[in-house]
Amino acid sequence: MGKLNKTLAYFQDGSRPAHGLPPSAYRSKAFWKKERKTVLFRNWVCVAAAHELKFPGDVVPVVLAEQPLILVRNRQNEIAAFHNVCRHRCMMLVEKPQNVGKLIRCPYHAWAYDLDGRLKASPHFGGTDTHETNGFDKSQNGLVPVRTRVWQDWVFVNLSGDAPDFEDYAASLIARLEGIDFCKLTHIGTLDFGVIDTNWKLIMENFIEPYHVQFVHSSTTDQPLKDHYTIVDGNCLGSAVDLAEESGTSGSLGVSSRYLTLYPNFILGRYFPDQMGVYLNIPIGPNQMMQKRYLYTTEGQNLSEDEVDSLKNLWWDVHKEDHEMVERMWRGRASDFAADGGVLSPVWEDSVRAFQEMIVADVTKSKGA
């Protein structure tokens, strides 16, 4: 962690622009191994949207920090997460979203679990037509639960089980969403970008700084740099823009907006007066991540099919502009000349600096510290 300690020293020196994280933080397997056991285990991480599990019996497999998980909507209409591993021979139970009915059944030896994770069947485990055996307690061999919190339409998990209560953890973000009637929040579409060849942190850093907007998004947005400001507020980092004149969000984004994140991976864009986008960013490893964007209206209005398609096209273009940048930033960090992490604008990238400080704090903090 020598390079990270040097980076931390840069952070603490207010006499010059801060340097960014060293290339190893984005490219090395050793850093990824440390990061997944700290950043991605200790914090509340968004893994799905609740609307993807509509009915009891719906299950969605996800992988977080190399841990296969399964999200399940039970008979009480609640969503819970479990490790996606059969307790018999540790087989992955579910490989694709589906409705399993009343039981999650392992295809290998037909062990079956109910929607609350309880083991209901272990056929012939003790011999032909003998389903139990001495020393085996079904009640102790259910699916292993993962701490879960469904907030509005988004599913968060905490792998370590010891993060603060979600409402405390997310308080600074929630406070900045004042005025939204979440009862009127309506999902109108999803963009699935699949795998992106970059490190997940570069996506996060890109979103929370406004410096690139007028250069990268000159044809898809109309939000001058001078109207932006950054946000550093506890676990909520990002930026915002307040415009005196607005031009709508159909062909080009030209409205007052809030670009907010909840550390480490949750992104929410609020576009006044009536739209929202939430990004699902799932790290895969040091060099790849998956991303979706969920589109919402916030005032319960009905958009035509053409209006929804127009929004999808706009956001697809905006995202692809960003993806090109973050993929090239990842490749650039293979250079020897990237060793110092570059420099951060003290005006436009203090939010990036704060995000990187949080990463450093997590990966250098011993368990329980």
Side-chain angles (χ1 to χ4, degrees), residues 31-53 59-74 76-85 87 92-94 113 115-117 142-177 182 200-201 203-204 233-237 260-268 278-285 289-292 294 354-355 357-369:
F31 189 92
W32 164 249
K33 183 177 180 180
K34 181 72 173 177
E35 179 179 70
R36 70 182 183 85
K37 285 292 188 178
T38 55
V39 176
L40 301 178
F41 266 65
R42 292 175 179 167
N43 298 293
W44 285 106
V45 179
C46 186
V47 293
H51 70 256
E52 294 176 311
L53 298 99
V59 298
V60 173
V62 297
V63 176
L64 175 63
E66 299 182 12
Q67 305 300 297
L69 309 177
I70 180 174
L71 307 178
V72 182
R73 188 177 285 278
N74 66 15
Q76 293 74 45
N77 211 31
E78 302 163 333
I79 294 176
F82 302 93
H83 288 275
N84 188 5
V85 178
R87 296 299 299 278
M92 182 183 289
L93 290 164
V94 179
Y113 307 84
L115 302 182
D116 295 305
L143 299 182
V144 177
V146 176
R147 190 179 179 200
T148 310
R149 176 68 168 91
V150 179
W151 176 63
Q152 308 305 341
D153 189 39
W154 310 295
V155 183
F156 293 80
V157 299
N158 169 222
L159 288 170
S160 69
D162 56 11
D165 288 344
F166 183 83
E167 278 67 22
D168 294 332
Y169 184 90
S172 54
L173 170 67
I174 294 171
R176 290 182 175 273
L177 299 176
F182 282 99
W200 70 278
K201 293 187 295 298
I203 283 278
M204 299 303 297
D233 184 9
N235 286 331
C236 178
L237 306 171
L260 306 173
T261 67
L262 181 67
Y263 179 83
N265 78 321
F266 182 70
I267 286 178
L268 184 152
V278 166
Y279 304 57
L280 179 64
N281 303 293
I282 301 294
I284 298 175
M289 62 166 291
M290 294 187 297
Q291 186 180 64
K292 288 183 181 179
Y294 305 113
F355 174 76
E357 286 178 322
M358 294 166 81
I359 294 290
V360 170
D362 262 341
V363 300
T364 58
K365 180 173 62 178
S366 60
K367 183 175 177 60

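Just so you know, these numbers use all the heavy atoms, side chains as well, and skip hydrogens, waters and symmetry mates.
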How long is the straight-line distance from [atom2] of [Y] back to [atom1] of [X], given to the nearest 0.5 Å?
X	Y	atom1	atom2	answer
Gln291	Tyr279	CD	OH	7.5 Å
Leu53	Ile79	CG	CD1	4.5 Å
Leu143	Asn84	CG	CG	8.5 Å
Leu159	Arg147	CG	CZ	11.5 Å
Asn265	Lys201	CG	NZ	12.5 Å

With a 4.5 Å cut-off on side-chain heavy atoms, are [Y] and [X] touching?
X	Y	value
Asn235	Met358	yes
Leu93	Val85	no
Asn281	Ile267	yes
Pro283	Trp32	yes
Leu177	Phe182	yes
Leu280	Cys46	yes
Phe355	Thr261	no
Ile174	Trp151	yes

Which label fits Trp154 and Phe266: parallel for a plane angle under 30°, tilted from 30 to 60°, or perpendicular past 60°? tilted

Under a plain distance cut-off of 3.5 Å, with no hydrogens placed, do Asn74 and Asp116 share a side-chain donor-acceptor pair? yes

Short question: side chain of [X], backbone of [Y] - any donor-acceptor pair under 3.5 Å?
X	Y	value
Thr148	Ala81	yes
Gln67	Leu64	no
Asn158	Phe41	yes
Tyr113	Arg87	yes
Asp168	Pro164	no
Tyr294	Ala48	no
Arg149	Glu167	no

Side chain to side chain contact (heavy atoms under 4.5 Å, CB included) between Ile282 and Met289, intermediate numbers included: CA-CA 6 Å; Ile282 301 294; Met289 62 166 291; over 6 Å; no

Salt bridge flag under 4.0 Å for residues [X] and [Y]:
X	Y	value
Arg36	Asp362	no
Asp233	Arg176	yes
Lys33	Glu66	no

Can you name the nearest heavy-atom pair linking [X] to [Y], along with the distance?
X	Y	answer
Ala65	Leu40	CB-CB, 3.9 Å
Lys365	Arg42	O-NH2, 2.9 Å
Asp153	His51	OD2-ND1, 2.6 Å
Val155	Val150	CG2-CG2, 4.2 Å

Go through Ile70 and Val60 one step at a time and tell me if the side chain to side chain contact (heavy atoms under 4.5 Å, CB included) criterion holds. CA-CA 6 Å; Ile70 180 174; Val60 173; over 6 Å; no

Pick from Phe166, Tyr263, Trp44: which one makes a ring-ring contact (aromatic ring centres under 6.0 Å, His included) with Phe156? Phe166

For Leu69 and Val157, run side chain to side chain contact (heavy atoms under 4.5 Å, CB included): C-alpha distance rounded to whole Å, both residues' side-chain angles, the deciding distance at 0.1 Å, then the answer. CA-CA 10 Å; Leu69 309 177; Val157 299; 4.3 Å; yes

Verdict with supporting geometry, Arg73 and Glu52, salt bridge (Lys or Arg N to Asp or Glu O under 4.0 Å): CA-CA 10 Å; Arg73 188 177 285 278; Glu52 294 176 311; over 6 Å; no

Start with the C-alpha gap between Met290 and Trp200, add the side-chain angles, then the distance that decides, and say whether side chain to side chain contact (heavy atoms under 4.5 Å, CB included) holds. CA-CA 8 Å; Met290 294 187 297; Trp200 70 278; over 6 Å; no

